[in-house]
Amino acid sequence: MIHSPRGVEDILPRRSSFYQWVEREASFLFSRYGYEEIRTPTFEETNLFLRSIGGETDAGKNMYTFQDKKGRSLSLRPEATASIIRAYVQHKLYREEDLWRVYYLGSMFRYERPQRGRLREFHQIGVEAIGQASPWVDVELVEMVVRFFKGLSLPRFYIRLNSIGCRSCRAGYEEKLKEYLKLHLGSLCPVCRERCEVNTLRVLDCKSDECQPIIKKAPGIEEYLCEACSAHFEKVRRGLEDLGVEFTVDSHLVRGLDYYTRTIFETISCDLGAQDAVCGGGRYDDLVEDLGGPATPAMGFSIGVERLLEALEKGGVESSRGKEGAVAYILTLDGRSQIKGYELAGFMRSEGVKVELNMSQRGLSSQLKLVNRKKIRWTLILGEKEIEEGIVILRDMDSGKQEAIEWGRWDRLKEKLKV
RNA sequence: GUGAGCGUAGCUCAGUUGGUUAGAGCACUGGACUGUGGCUCCAGAUGUCGGGGGUUCGAGUCCCCUCGCUCACCCCA
């Protein structure tokens, strides 16, 4: 037997309806803010990702990279932002769009050891707003995520917010932090001793008990933000407060990808395991320029769909939420009734009724059992008797009551089903 | 990449210090009820014991390798 590859999974119909529900809610809500769907390629030139997320980072090393027949290096997308910026630059949308608002849904790929909330192929729903530096963009995005999650009734989540400044103020801070950490190098956990050099800001996010006291006394980035960054962050916070969006400023929040600037945020679910960030995002004011476009400020976020679904389930949202099964089943008992069944099914489908037609040789009793198991409300029985009498029997599976409907009197059938 | 735990029927799991033909519950199929589901009763089918190799008279059980799953670290969405 061939098994699906490691870290990837089938989303069977039972579950895909749950995905569909969340995706529909997202499209619906985001489009209310003026965001339109964009679909970018599943793979890109490897260089695109190396330039955006940073080839030196682990993220850069964890890509599914392959060579095509001409020897070009391509990679399955580990995230969508880079592709969207590439498209923005490639189609010169900066010439026509004042603020380009787009959202996306789709699979992303990362070669990592699978664990809870971390698959090799996973799904993201995300948003990018490209073209404006206004703090109101930041406010809009955070507020939109919160509204989205509340609309789904996601329980027990909170927003962590921080500013990591622009490139120049961040560099200054990073240096100060490194100086400070070096003084306490001996008391840090082994992992952080390494991180201190490679990924200094990441130390702030360490959960180990050894590091905690040192982290608490570490200089915070807020003191090192330049005037412009500081003012920007202030406006974002005030905007959110004025809108009544709850958040906690966490000066230790950092992001993994290199391209973030200024505002960054995360949505944490209290109901998940180690991988508890359901949404992550931030501003990336330099990325468009880095990828060959004109200097253009932008911001975005992305939601991990698998994690979101898990958190929803933990919070009591039924995974059958988006499920809409058939409401009627046409039970046929021989060849003649099968043809009639098609005719009836055709009518019902054109009326928008979800109806399943029997395809088996099973007997009446066995088919009713099946309908019962499928939890379909109505059964339409068509056998020899019914055809001779020119009727079809409509059975209500809930009450067990049934009545004959004259063949062709579909107005009566409609009336019955649209209770 | 590191560590730990797990792989037995479609699902959840028993399976003794290695010992005959590998079990249970749920689900499934059929019957009681020959054209009326759910409840009940009866009967039935179902396994490469994840895969490969080894030890042994004998392996689901012990050893090695491998694949996969799970959780955590790492990393990050």
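Just so we're clear, the structure is a prediction, and the values are computed from it rather than from any experiment. Below, chains carry the letters A, B, ... as their sequence lines are ordered, and counting in each starts from 1.
Using a 4.0 Å heavy-atom distance criterion, A:L119 is classed as a base contact. Base contact: A:Q402 has a heavy atom under 4.0 Å from a base atom. Using a 4.0 Å heavy-atom distance criterion, A:Q275 is classed as a base contact. Within 4.0 Å (heavy atoms only), A:E306 reaches no atom of the nucleic acid at all. When heavy atoms are screened at a 4.0 angstrom cut-off, A:G273 is found touching the sugar-phosphate backbone but no base atom. Looking at heavy-atom distances under 4.0 Å, A:R202 makes contact with a base. Residue A:E386 is in base contact, counting any heavy-atom pair closer than 4.0 Å across all strands shown. If you check every strand for non-hydrogen atoms under 4.0 Å, A:L331 touches nothing. A:G7 comes within contact range of the sugar-phosphate backbone alone, with a heavy-atom separation under 4.0 Å but no base atom that close.
Put simply, the residue from A:I164, A:V236, A:I264, A:V137 that forms a side-chain contact (heavy atoms from CB on, under 4.5 Å) with A:R283 is A:V137.
Pair assignment for B:C74: none, as no Watson-Crick or G-U wobble contacts are both less than 3.5 Å. With a 3.5 Å ceiling on both atom-pair distances, the Watson-Crick or G-U wobble partner of B:C69 is B:G5. The partner of B:G58, taking Watson-Crick or G-U wobble pairs whose two distances both stay under 3.5 Å, does not exist in any strand shown. In this structure, B:C26 forms a base pair with B:G10, meeting either the Watson-Crick or the G-U wobble geometry with both donor-acceptor distances under 3.5 Å. The base-pairing partner of B:C33, taking Watson-Crick or G-U wobble contacts with both distances under 3.5 Å, does not exist among the strands shown. Searching all strands for a Watson-Crick or G-U wobble partner of B:G18 with both distances below 3.5 Å returns nothing.
Checked against B:U36, B:U2, B:A77, the side chain of A:Y260 finds its nearest nucleotide in B:A77. Out of B:A77, B:C71, B:G35, the shortest distance to the side chain of A:I393 is found at B:G35. Here B:A77 is the nucleotide among B:G3, B:A77, B:C71 with the atom lying nearest to any side-chain atom of A:R118. Of all nucleotides listed (B:G37, B:C76, B:U29), B:C76 comes nearest to the side chain of A:R110.
Aromatic rings from A:F148 and A:F30 are positioned such that their centres are separated by under 6.0 Å.
Contact annotation: A:S365 does not reach the phosphate of B:G35 (side-chain N/O to OP1 or OP2, under 4.0 Å). In this model, the phosphate group of B:U29 is approached by a side-chain N or O of A:R373 to a distance below 4.0 Å at OP1 or OP2. Residue A:R6 has a polar side-chain atom (N or O) positioned under 4.0 Å from OP1 or OP2 of B:C69. A:R307 has no side-chain polar atom (N or O) that falls below the 4.0 Å cut-off from OP1 or OP2 of B:A77.
Between the side chain of A:R51 and the backbone N or O of A:D290 there is at least one donor-acceptor pair closer than 3.5 Å.
As rounded to the nearest Å, B:G60 and B:G7 have C1' atoms that lie 12 Å from one another. Comparing the same atom, C1', in B:C65 and in B:C28 gives a spacing of 38 Å after rounding to whole Å. For the P atoms, the distance linking B:G10 with B:C6 amounts to 23 Å, nearest Å.
Between A:E143 and A:R147 there is a salt bridge, with a side-chain nitrogen of the basic residue lying less than 4.0 Å from a carboxylate oxygen of the acidic one.
One finds the NZ atom of A:K385 at 9.0 Å from the CD1 atom of A:I391 (value rounded to the nearest 0.5 Å).
Heavy atoms of other residues, nucleotides or ligands lying less than 6.0 angstrom from CZ of A:R167 number more than 12.
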